[in-house]
Each structure stands twice: as structure tokens, then as C-alpha cells.
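The chains referred to below are lettered A, B, ... by the order of the sequence lines, with proteins before strands, and numbering in each begins at 1. Treat the numbers as computed from the prediction; the structure is a model and nothing was measured.
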Amino acid sequence: MAAERYNAPDREKHWRKVWEDAQIDRSQMDEALPKYYVLEMFPYPSGRIHVGHVRNYVMGDVIARYMRARGYNVLHPMGWDAFGLPAENAAIERKVHPKTWTYENIAAMRSQLKGIGLSLDWSRELATCDPEYYAQQQRLFVDMFKRGLVYRKKSKVNWDPVDHTVLANEQVIDGRGWRSGAVVEQRELSQWFLKITEYADDLLAALDTLDRWPDKVRLMQRNWIGRSEGLLMQFPLEGDALPEGQETLEVFTTRPDTIFGMSFCAISPDHPLATALAKKDTKLKAFIDECHRMGTSTEEIERAEKQGYDTGLKVAHPFRKAKFPVYVANFILMDYGTGAIFGCPAHDQRDLDFARKYKLKVKPVVIPEGEDPKSFDVGSEAYTGPGRIANSSFLDGLSVEEAKDEVAKRLEKRGEGKRKVNYRLRDWGISRQRYWGCPIPIIHCEKCGAVPAATLPVLLPEDVSFDKPGNPLDRHPDFTHVACPSCGGDARRETDTMDTFVDSSWYFARFCSPHATVPVERDMVDYWLPVDQYIGGVEHAILHLLYSRFFMRAMSTTGHVDLAEPFAGLFTQGMVIHETYRDEDGKWLSPDEVRFTGNDASDRRAVTVDGGRPVTIGAAEKMSKSKRNTVDPDHFTAHFGADTARWFMLSDSPPERDVLWTEEGVQGAWRFIQRLWRLVDEAASQGAPLGAKRPEKFGPAADELRRAAHRALDAVSRNIQNLRFNTAVAAIYDLANKFGAALQGQKSAADEGLDWALRESGELLVQMFAPMMPHLAEECWARLGYHSLVAKQPWPEVEKALLVDDKVTIAVQVNGKRRDELLISRDASTADLEAAALKLDGVQRAIEGRAIKKIIVVPQRIVNVVA
RNA sequence: GCGGACAUGGCGGAACCGGUAGACGCAACGGACUUAAAAUCCGUUUCCCGUAAGGGAGUGAGGGUUCGAGUCCCUCUGUCCGCACCA
């Protein structure tokens, strides 16, 4: 009797209710149990979850359910990265208060997430815009302030002169504000910084200890921190225009060995010397203004065409009687080193491009092995490799390293040079001139300076309006006018809010005691931290992860925790992508608006659903609202259920890679769910009854099935543990195929113990897919006669004896080419293998009577006959 | 510009430490069941030659190390990602 079709949406609702009543996902500290903290990067509450979120959280959920079954005390919480720009945009565009907008979004997304059957401890939910949360963040800020980890300095921002607002880099499009279209200016503002550079060395060194992080992320962080050893050099300056008090130019270089190849010096447009010169030189002023229109990102600065302005000043070479021009150049970053360089065009690509443009001398001084110093020429590509120094007076013949050292020694002796370790890493600017963020708890007093607010929290006022440009906090009198906590005089409250990266730099610690009246409770963080498995997008590989690592160190300094590394294990998952569709006018179409007409895969064509107009099928891209290639999880689960989505997300594509969302793939997952349900149903009726006694002996079919089941269990366990979900899925498919075949076999011929083996492997099968398709698993578990929850079962044990076969198939090669194979006892000796291999027809044919030179035998693997 | 990653059938991908390349899924094709369709079940499917047995080629391109290379080394090509105020 065939089973009824499995009604996923209906049954899933039922089981979610059962789980909730049983509180399967509540976590409580328990010193007696080993803990396991699994966390997915919390989402920004944009309003709807998308399938990309689903993939992220399902992976974490599989781990959480698996580790729970393995006997761990699992913490698996969820929260909201709820401050940020989009809420303010919504306020401006739709006249809805950021708070209202955000909390409505959170409510919508929470209910969507609950529909996926994630085993999350919702009692720990937090949103970073909850006063309960950001009040504690302000405490942390004040503690860091008191420890000297916070300071203020001037820094550049993108300024929109029409909207009177600071723009994010992504809001600057071709040098103009995205909303106003006004040409963006760069402005200097006083901003708050966190001293991440204080920990630069440790952040770098400790990367080596993060052995459960992807190598590429560690490498990206290493490069980001960018430690380099070099030399600070003082060049005497001369020239009529030389401003007073600026008689020397300090540059930082990592290549002092190339000093004899220098042909110019260049300073940043923001260098104090440039600013001073510009006061009298209107052309220079114009050039600097031009540079400021470029944008603040490193990418733009470095990619722009190299341009310079000759200041007329000269620097003297430290070892020669030669003078070189000083340029203001658009590719010199004020934030790195001293904002000034000496240019050696032959051995630096940027310098070379610049030199070619301004017809400056290019003199090679590092000669690669095998090249003649007299004829060596760099052409259009600078030579940055190793070699011998030439054309360099006392440095001639030295290696690059020796020359660096020699130059440093000589200049240090003269007091014109100093060795220095420089970092590319800069201190973290956290000031944002925006409303929807955590207020920086500082009060500015004319007498006392910047003083931390005495009473915390500093709450965001809610009576604000966005009908005027700029930050509404600036024009909120009650908020800004306060008494100085130190002297009691009139003072002004800081109106900048914090970068939202601050919010996400410690939320994982807050989850350990989400409602505490201190930032973190020590016994809780000591028990739960570090996060054992952190899962999220690779786009956070640098900033979020580095800031969080910094925060743990800073919080250790302030005594809140005692731990440097927040994430013991890190996994970066790929995106969910989908084809894109456009009509004749180039307008983006959503998948629902498109109908396919082609006959097969090679002839895929599409037309619009409404009028049959032709549709261009575009490349699969990251799902985005603007390209309309998103899939709505709600719509989807209402029809196929959450398990289908979960299974599909885990199948096929390796989790670190992008996964292509396709209708066929969804159908495949859906079919498999139905198939599993039928198989379990049949096993329940044809297999041995619940609790039947294990037979003494098994026939060949039963034995084979049991081997398949235990092999699959072994593979699934290892694959889940290594987050290789796609191969775990393959192992389950494989077992389902063999299980189906065994069921068929049982109908045609009885085999000793097969009914018992069917029950055993059926139960194992259900337990194996339970972390991935938990709803279906409960339904199957009940069908198998159980009144317990599979979610509460311990993970089954593999019977190791069943993993080992007594016979193995060994490939036999002749001269490295596979010619035949050998089925032979597992512990056959080398001599046995040699003898058996030589007897094979395929081997004899391939040898063609030639003499055998050598036979390579790797037991249980391969025989290679060399003839 | 700088930095990083990736490349295997028609498609997504598998292959532990260098040891039978293509597991598993999708698509396609053939068959069974059905009045029919859907669903389901069985089979085939890297390419070329061959009815077959069998042989040849094959993991982006070129070279190298090795008895043996998808895997290690060098060179090249292509694609994707990040670059400090998006989160």
C-alpha cells in the first residue's frame, strides 16, 4: 500500500510546535557538559530574509543539531545588526521613523526565520538598536576611553554640499552624491578613533594560532595589517617658497637600497607641506582641490592616472651632490607612512608611471641575476625582484638586504634616518555623522575638553525629523545642550554616532548573557567563548573579523573578558546566485514574470508571462533587489516546505562556493523528500518491528545493506563535522538508492536478517538526515513507531567492523596506465599481488612480451608494472 | 593600481597523504506501468574509433618532477572577490 504524499507545509508546522513546547534549543550554562557555540553572522534587518540568509543559517543549524546529538551543550543564538544607513534612507524616502521601520522589519524577518525550523535559542535574541544593548556598548566605550584606547583626530570624509551630509564610499558615484548629484567634496572633521594599531603586532602574530580559519582569510588579514620594516629618512629641503619651520621632509621607505636610483620626492595632497605651499600658490591649491574630488577610497586613488604638481622645492640627496624636485602627487596616501616618499622609478611601478609621465630619470640600481648593469633597462615594467646593487657608489655589489642595512646604518649615524616598523593598518575611525546609530557618550566642554557622559545610557531621542538635510541630532536642542559632568558648566553633547561595525564587534559575547546589566557576565563568557564555529560571508573576511578580534583584546584590557580570539573556527560560505532576465527594453524581470519555451538545455529561451515578449536570459548573479532575481523564501516554503529549501541549499555545491538556485534543483530536492518518505514507510511495514531482537546471523543481502548504512553513517558524520554538506548529501542519496534496492530485493527473495537490517538502516538513514531535514525526520521517526523526538536522540554509533571489507579491488597499471583490475583479499602480501597482477589478461596484453623492469606495489591501492 | 581566490562531462560537483578521474545530483535519451498524462520504477550517458571484444584521448593552456599528477613545482590565460563611511 503506497503511502500518501508527504504534506510538508502542514507537517512542518506541527513539528515546529512540538519542538517549541519541548524547548529543544534552549541553552543553559552547565559546567558538567562540554559546550559548543555555533553562530552565524547576524543579519541586517532589511525587511525580508532572502535565500542567501537561509543558506547561512541552515549550515549553522545542521552543525547545532549534529553537535547536540553528539552530546554537547550547544549555544545557537540569533540577533539583529539593526543600526545603519538603510533605516535613515527609509525615513527620508518614506517618512517612516527609523525605529519603526527597523522593528517592523525585525518582526517580519523573525517570523520568516521561524518558518525554516532553525533550532535557535530565541530567548537570547537581541537587536543592536535596543537601548538594552547599546547602553552596554557605551559602557565599553567609556571604559576604553579611560584606558586610553580612544582618541580624537581630524580625518577626511566625503561631503555632499547639497544634502549637508557625509556620504559613504558607496554613496559616491563618479564623484557625485547618489541622491543630490552634487559634486562631492572632501572635508576634514574631528572624529573618534579606536587604537586598533596598539594591537597590530598581536593581531598579526595570533593569526598563526587560528588553525580552524581558512588560510585565505588569514592571508587577507595579514596583508591588511601590512607590517613592513623600513626607514624614516630626513631630506633637507630648499627653495624660495619653502614655508617656515619645514626645512626637512620626512619620508618612509621600505627600499632604502634604491636610494641611488631616486629621481624625485612626492608628497600627498594632504601633507602639511602641501597645505602650507598652497596658501601662496593658487595653481597648487587648484591641483589639490582637484585631487579632493577624487574620492577617499584607496582603490580610486591608486587607480587614477598618476598626476603631480611640481612645487619648485628641491631635496638634496643624502649621499650625492644632486638635487631632486618635490612633487605633490595624487597617488600618495597621507594615511600611510609619513605621506611622503622618495621615488625610485626603476623599482616601483607607481613611481615608474609617474616618472614616464613627467619625463624624470629612470636609473636601475638593482640588477637581476644574469643581467649586465650597463645594459639593463626596465622598459615599462619596474623591476621589484632580488638582485645585486649597481650604479650606487658604496652600495655596489651588495644584495638588496645588505644594501638596506648599510643605508640605514649610515643615516642613523648621521641622525637623518631611523628604522621603523610601519603598518598599513590604521586606527579605526568610528564617528558617523548620522542619527541611527549608537550615540557616542561624550560631552564637549570648553573648559574640560571631551568628557565621558556621567549618566548612561545616552538614549537616542525619538522626536526627530528627516525633512531637513543633515543629522537630526545636530538640531535637537534637548539632546545637544547639557551640563558638563565635570565642571557643571554649559557644554555640548557629541552628536556623532558609532560605526555599526562597533555593534557587531562584541554581539557574540553579549549572547552569553543577553539581558545582563553589565556588558558581559564573566562566568558566562568564560564558559561559552570562544565561538567554536562561526559562519558567514567572505565579504567580512577583513573588517568585521579584525574589529572583533581587536574588541576581544580591548575588552581584555578593560577587564571585561579574558580572551584574545573570539572565533576558534571560521567558515566563509558562498552566495546564492540566480539567472537574470531582461525584456527588450532592458528592464529587469523577476523569475515569476518569465516563461521558458526552449526544447532542451541547449535551446533555452524565454518569453514574458503576460504578453509573450522575448526575454534575454542573463548570467547568474548574486541575488539582488535591483536585478529582481531574488527568490522569496516564504512563497517557496508555503508550497514545498522548509526542508526542501534546506536540502537544496546543502546539496551539490560545496558550501564555500556560490550555489546556483534553479527550479530543477528545487524539484529534485522535493522529489527526494517524497522518496524518502515512501522508503521509510515501506521499511516500517516490511522491516522488523520496533525493538526486535538482533539476529545472530545475517545473509549476504542483509550484510551488504548494513555495510552500506554504516559506511554512509561514517561518511555523513565526518562530512558534517568538516562542513562538507554536499558530500554528506551525496552519501545519503547513495544509501537511499541502496536501501531502495534492498527493499525491492526483499520482495523477490528472503535473506536471513534482512528485515532487521532494513529497520536498522532505515532508522540510521532518518537520523543521518535529521540535522538537515529535521521536520521530515520527525515524521519518519514517528512512522517507524517511536513516540520520542529524533531531535533528542543521541547520534548513532558506527559499527567499525562493518567499514572494513575483506576483499578489495585494486587497479593494475602497466607503465602508469590502468590495464586491468584485481579483486583480492585485503591483506594479500606484496608477493601475492605481484603474482596475481602478472596473470591478468589485460596486463599480459599490455606488456606484449617485453621484459619487466620493476613492479611497484602499494598494498590495498595499486600495482604498477613497469615494462 | 594593490591584494586574494578559483578553473574537472551538457550542468552543479566528487576524488582521504601523489595511486582505478567523473561518486552523488540535475538535464537528456531509451524502456516499464497507464486509455492518457502526471507521479513512480528500470536502464544508458566524458569524447573519438569499433557491432563487439578492445583501443586512443582526456581535469583552462604550455612545460617540469615521479613508476604514477586533477592533486606537487614553474610560466601563461580566463573568471570572480576585497580595498577602511554598505552591512
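For A14(B), there is no paired nucleotide, since no Watson-Crick or G-U wobble pair has both relevant distances below 3.5 Å. Base pairing annotation: A28(B) forms a Watson-Crick or G-U wobble pair with U44(B), both donor-acceptor distances under 3.5 Å. Summarising the base pairing, C33(B) is matched to no nucleotide, lacking a Watson-Crick or G-U wobble pair whose two defining distances lie under 3.5 Å. With both pairing distances under 3.5 Å, C85(B) is matched to nothing as a Watson-Crick or G-U wobble pair. Remark: A39(B) base-pairs with no nucleotide in the shown strands. Criterion, Watson-Crick or G-U wobble with two distances under 3.5 Å. Nucleotide G22(B): unpaired (no Watson-Crick or G-U wobble partner with both distances less than 3.5 Å). The base-pairing partner of C80(B), taking Watson-Crick or G-U wobble contacts with both distances under 3.5 Å, is G4(B).
Where Arg819(A) and Arg424(A) each meet RNA chain B at their nearest nucleotide, the meeting point lying more 5' is that of Arg819(A). Residue-to-nucleotide proximity on RNA chain B shows that, of Val812(A) and Asn864(A), the 5′-proximal contact is made by Val812(A).
Rounding to whole angstrom units, CZ of residue Arg711(A) and C1' of A23(B) are separated by 13 Å. For the pair Asp652(A) CG and G12(B) P, the interatomic distance rounds to 10 Å; values are reported in whole Å. Separating the NZ atom of Lys216(A) from the P atom of C6(B) is a distance of 7 Å, rounded to the nearest angstrom. Atom C1' of nucleotide G1(B) and atom CD of Gln307(A) are separated by 15 Å, given to the nearest angstrom. To the nearest angstrom, P of G3(B) lies 13 Å from CD1 of Ile542(A). At whole-Å resolution of the value, CG in Asn726(A) and P in G12(B) are 14 Å apart. Summarising the geometry, the separation between CD1 on Ile225(A) and P on C83(B) is reported as 17 Å, rounded to the nearest angstrom. As a whole-Å value, the separation of Leu543(A) CG from G82(B) C1' is 9 Å.
Within the 4.0 Å cut-off from OP1 or OP2 of G12(B), not a single side-chain nitrogen or oxygen of Ser653(A) is found. Between Asn223(A) and C2(B) there is no side-chain polar atom (N or O) within less than 4.0 angstrom of OP1 or OP2. One finds a side-chain N or O of Asn737(A) lying less than 4.0 angstrom from the OP1 or OP2 phosphate oxygen of G25(B). Between Arg657(A) and G13(B) there is a side-chain N or O to OP1 or OP2 distance below 4.0 Å. A close approach under 4.0 Å does occur between a side-chain nitrogen or oxygen of Arg671(A) and OP1 or OP2 of A27(B). A close approach under 4.0 Å does not occur between any side-chain nitrogen or oxygen of Arg432(A) and OP1 or OP2 of A87(B). Side-chain nitrogen and oxygen atoms of Lys817(A) include none within less than 4.0 Å of the OP1 or OP2 phosphate oxygen of C67(B). Put simply, Arg845(A) has a side-chain N or O that comes within less than 4.0 Å of OP1 or OP2 on G55(B). At the phosphate of C41(B), OP1 or OP2 sits under 4.0 Å from a side-chain N or O atom of Arg675(A). Not one side-chain nitrogen or oxygen of Arg818(A) sits closer than 4.0 Å to the OP1 or OP2 atom of G58(B).
With A84(B), A23(B), A87(B) as the choices, the nucleotide that has an atom nearest any side-chain atom of Arg426(A) turns out to be A84(B).
Residue His544(A) is out of contact with every strand shown, counting any heavy-atom pair closer than 4.0 Å. At the heavy-atom level, Ile732(A) lies nowhere under 4.0 Å from the strands shown. Within 4.0 Å of Pro43(A), counting heavy atoms only, lies no atom of the nucleic acid at all. When heavy atoms are screened at a 4.0 angstrom cut-off, Ser431(A) is found touching base atoms of the nucleic acid. Counting any heavy atom pair closer than 4.0 Å across all strands shown, Val866(A) reaches sugar-phosphate atoms only and no base atom. Heavy atoms of Phe501(A) sit under 4.0 angstrom from at least one base atom. Residue contacts for Gln860(A): at a heavy-atom cut-off of 4.0 Å it reaches no nucleic acid atom on any strand shown. Thr809(A) comes within 4.0 angstrom of a base, heavy atoms only. Within the 4.0 angstrom heavy-atom criterion, no nucleotide atom of any strand lies near Leu660(A). Contact annotation for Gly84(A): backbone-only contact, meaning every heavy-atom pair under 4.0 Å involves sugar-phosphate atoms and none involves a base. When heavy atoms are screened at a 4.0 angstrom cut-off, Trp428(A) is found touching no nucleic acid atom at all.
Contact of Gln744(A) with C42(B) (side chain to base): no donor-acceptor pair of N or O atoms is detected under 3.5 Å. Scanning atom types as modelled, one donor and one acceptor separated by under 3.5 angstrom connect the side chain of Gln433(A) and the base of C85(B). Between the side chain of Arg434(A) and the base of C85(B) there is at least one donor-acceptor pair of N/O atoms closer than 3.5 Å.
A cation-pi geometry, defined here as NZ or CZ lying under 6.0 Å from the six-membered ring centre and within 45° of its normal, does not hold between Arg5(A) and Trp677(A).
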For Thr497(A) and Tyr435(A): C-alpha separation, side-chain torsions, deciding distance, then whether side chain to side chain contact (heavy atoms under 4.5 Å, CB included) applies.
CA-CA 7 Å; Thr497(A) 52; Tyr435(A) 166 73; over 6 Å; no
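Going from the P atom of C72(B) to that of A14(B) covers 15 Å, rounded to whole Å. When the C1' atom is compared between A57(B) and G3(B), the two are found 39 Å apart, to the nearest whole Å. For the P atoms, the distance from A5(B) to U75(B) is 15 Å, rounded to whole Å. Taking the P atom of each, G54(B) and U45(B) are spaced 15 Å apart, rounded to whole Å. Annotation: A84(B) and C73(B) have their P atoms spaced 32 Å apart (nearest Å). On the P atoms, C83(B) is 27 Å away from C76(B), given to the nearest whole Å. Nucleotides C42(B) and A53(B) place their C1' atoms 26 Å apart, quoted to the nearest Å. One P atom belongs to G13(B), the other to C6(B), and the distance between them is 13 Å to the nearest Å.
Glycosidic conformation at G9(B) (O4'-C1'-N9-C4 for purines, O4'-C1'-N1-C2 for pyrimidines): syn, within 90° of 0. With its glycosidic angle within 90° of 0, C17(B) is assigned syn.
By the ring pair (Phe, Tyr, Trp, His ring centres under 6.0 Å) test, His544(A) is found to be paired with Tyr534(A), His540(A), residues two or more places apart in sequence or in another chain being considered.
Taking the charged nitrogens against the carboxylate oxygens, Arg432(A) and Asp499(A) do have a contact shorter than 4.0 Å, which makes a salt bridge. Between Arg350(A) and Asp348(A) there is a salt bridge, since at least one side-chain N of the basic residue sits less than 4.0 Å from a carboxylate O of the acidic one. Salt-bridge annotation for Arg707(A) and Asp805(A): present, with a side-chain N of the basic residue lying under 4.0 Å from a carboxylate O of the acidic one. Between Lys156(A) and Asp270(A), at least one side-chain nitrogen of the basic residue sits less than 4.0 Å from a carboxylate oxygen of the acidic one, meeting the salt-bridge criterion.
Looking only at distances, a side-chain donor or acceptor of Arg549(A) sits under 3.5 Å from a matching main-chain atom of Leu203(A).
In this structure, OH in Tyr199(A) is found 10.5 Å from CZ in Phe551(A), a value given to the nearest 0.5 Å.
For Phe648(A) and Trp661(A), the distance between ring centers is under 6.0 angstrom.
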